[in-house]
Amino acid sequence: MNLNSLLQTFSTVDFQNDLIEWFSKEQRDLPWRKDQDPYKVWVSEIMLQQTKVDTVIPYFNSFIEQFPNIESLANAEEERVLKAWEGLGYYSRARNLQAAVREVHEVYRGVVPNNVKDISSLKGVGPYTTGAILSIAYGIPEPAVDGNVMRVLSRILLIREDIAKPKTRKIFEEVIREIISKENPSFFNQGLMELGAIVCTPTSPSCLLCPVREHCRAFHEGEQNELPVKTKKKSTKQVNLVAGVFFDEKGNVLVQQRPENGLLAKLWEFPTVERVVELETPKQQLQRFMLEENGINVEVEDYICDIQHVFSHLVWNINVYVGKVNGTFENSTIKAVSREKQELLPFPVSHQNIWKEVQKYK
DNA sequence: TACGCGTGGTG
DNA sequence: TCACCAAGCGT
């Protein structure tokens, strides 16, 4: 792909002006657009990774209320941060964000770096987020290539590279470096993303409303529905689980914390075991798991329901039981918590749903 | 490079 | 109903 020939007949300055004028006029009123505080831009960009604007808005408002600046987030308990993230998904974003904010607090005296080298070295800040923060908060003309930008530019410039391939992003970064507005890189980058979000959508783009359609080669060729080229990924696998909601005499409930790494890291859940032994009933397997893995003698009582939870890459099918635990126990990763304490712990949505069903049953 | 990592909305 | 999507990053 030759950059010069690609841009030979492209009116870069006219395109910049049309895009920036449209964004100035039509941009949505969003809470992270009230100012250019680098911290708030940063938080919003992390939350927006793979997540819709409408989903992020309430989380952003609540998060900024609880952690209004670098210092407050740096000093917060990790569990409070995860609780603020509860339900938003991709929880490593929250832990990486706090780790990075602590580094900014300690190493950079609380000032978010304004250069590529330092900011891209922070945990959770990749090529896209680097460009987004530098352009939006600091007005530095760096590319911020996300899925929107690749879709919009693949149509405008008729680029047929597969946007599912990691190396394709580099092609778009090269293109952006050539055509980005040096005067207003913030509105240029945001304009491309906003256009992708509300006009140049994945299916049935609104070309007749598009402010840059006269620059769009796909529109001229009638190919807007064929682009971008994006190969599919393969399907999800099924995992069968058994979960128990166990109460002690005081009404406390047993919970366990998930491992530090991997799926739903460090979130809390009701004791759960993968169902692999088909010779045993789910009830028997749960009983044995509690005794042999945790040294806790429980009485599994009633079956409550099945909960299915669909992730991006796998499906959980959970058999849910309630039961009792007698006396005390020790030397275990599992602990009994009061209702008040339970409400402070971050739970994945699947186990929030388990709790709801148990409440219905009681 | 390919895959693991969440969730809620949509046609 | 279900495959696919939405402002990616780490390994």
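Throughout, a chain's letter reflects where its sequence line sits, starting with A, and its residues are numbered from 1.
- The nucleotide whose nearest atom lies closest to any side-chain atom of A:Ser312 is, among B:dA2, C:dC5, B:dC5, B:dC5.
- A salt bridge links A:Lys266 to A:Glu78: at least one charged side-chain nitrogen sits closer than 4.0 Å to a carboxylate oxygen.
- Shown here are the salt bridge (charged side-chain N to carboxylate O under 4.0 Å, His left out) partners of A:Lys117, two or more places apart in sequence or in another chain: there are none.
- Atom CD in A:Glu173 sits about 12 Å away from atom C1' in C:dG8, given to the nearest Å.
- The interatomic distance linking A:Gln308 (CD) with B:dG6 (P) rounds to 18 Å, in whole Å.
- As judged by a 4.0 angstrom heavy-atom cut-off over every strand, A:Val149 is placed among residues making no nucleic acid contact.
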Between side-chain atoms of residues 97-104 of chain A and protein atoms elsewhere (two or more places apart, or another chain), which donor-acceptor pairs fall under 3.5 Å?
unit_1   : atom_1 : unit_2  : atom_2 : d
A:Gln98  : NE2    : A:Leu73 : O      : 3.0
A:Gln98  : NE2    : A:Ala76 : O      : 2.9
A:Arg102 : NE     : A:Ala74 : O      : 2.8
A:Arg102 : NH2    : A:Ala76 : O      : 2.9

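- By the ring pair (Phe, Tyr, Trp, His ring centres under 6.0 Å) test, A:Phe246 pairs with no residue at all, sequence neighbours left out.
- Across all strands, A:Arg258 comes closer than 4.0 Å to no nucleic acid atom at all (heavy-atom distances).
- Comparing B:dC3 with C:dC4, their P atoms are spaced 15 Å from each other, to the whole Å.
- Remark: the separation of the P atoms in B:dG6 and C:dT1 is 26 Å, to the nearest Å.
- Distance A:Met47 CE to B:dT7 C1': 14 Å, rounded to the nearest Å.
- Contact annotation for A:Gly196: no contact, since no heavy-atom pair falls under 4.0 Å across all strands.
- Annotation: of the two residues near DNA chain B, A:Arg93 and A:Ala164, the 5′-most nearest-nucleotide partner is A:Ala164.
- Counting to the nearest Å, the C1' atom of B:dG4 and the CG atom of A:Leu263 are 9 Å from each other.
- The hydrophobic cluster containing A:Val315 also includes A:Val310, under a criterion of side-chain heavy atoms closer than 4.5 Å among ILVMFWY residues, counted directly or through chains of members.
- Look at A:Lys230 and A:Asp162 and you find no salt bridge, because none of the NZ, NE, NH1 or NH2 atoms lies under 4.0 Å from a carboxylate O.
- Residues meeting the salt bridge (charged side-chain N to carboxylate O under 4.0 Å, His left out) test with A:Glu223, sequence neighbours left out: A:Arg160.
- Closest to the side chain of A:Pro166, from the set B:dC5, B:dT1, C:dG8, is B:dT1.
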Dump every N/O contact between nucleotides 9-11 of chain C and the protein below 3.5 Å, one line per pair.
unit_1 : atom_1 : unit_2   : atom_2 : d
C:dC9  : OP1    : A:Gly126 : N      : 2.9
C:dC9  : OP1    : A:Gly126 : O      : 3.4
C:dC9  : OP1    : A:Thr129 : N      : 3.0
C:dC9  : OP1    : A:Thr129 : OG1    : 2.7
C:dC9  : OP2    : A:Tyr128 : N      : 3.3
C:dG10 : OP1    : A:Gly124 : N      : 2.4

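- Rounded to an integer number of Å, the gap from A:Leu314 CG to B:dG6 C1' is 10 Å.
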Considering only nitrogen or oxygen atoms on both sides, find all protein atoms under 3.5 Å from nucleotides 8-11 of chain B and state each distance.
none

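- Here A:His313 reaches the OP1 or OP2 of B:dC5: one of its side-chain N or O atoms lies under 4.0 Å away.
- Residues passing the side-chain contact (heavy atoms from CB on, under 4.5 Å) test with A:Pro185 are A:Ser135, A:Pro141, A:Ile180, sequence neighbours excluded.
- Rounded to whole Å, atom P of B:dT7 lies 9 Å from atom CD of A:Glu86.
- For the pair A:Tyr91 and A:Lys167, both in contact range of DNA chain B, the more 5′-proximal nearest nucleotide belongs to A:Lys167.
- A salt bridge is absent between A:Glu77 and A:Arg80; no separation between the charged side-chain nitrogens and carboxylate oxygens falls under 4.0 Å.
- Applying the salt bridge (charged side-chain N to carboxylate O under 4.0 Å, His left out) criterion to A:Glu26, with sequence neighbours excluded, gives no partner residue.
- The CD atom of A:Glu260 sits 21 Å away from the P atom of B:dG4 (whole-angstrom rounding).
- Atom CG of A:Leu82 and atom P of B:dG6 are 11 Å apart (whole Å).
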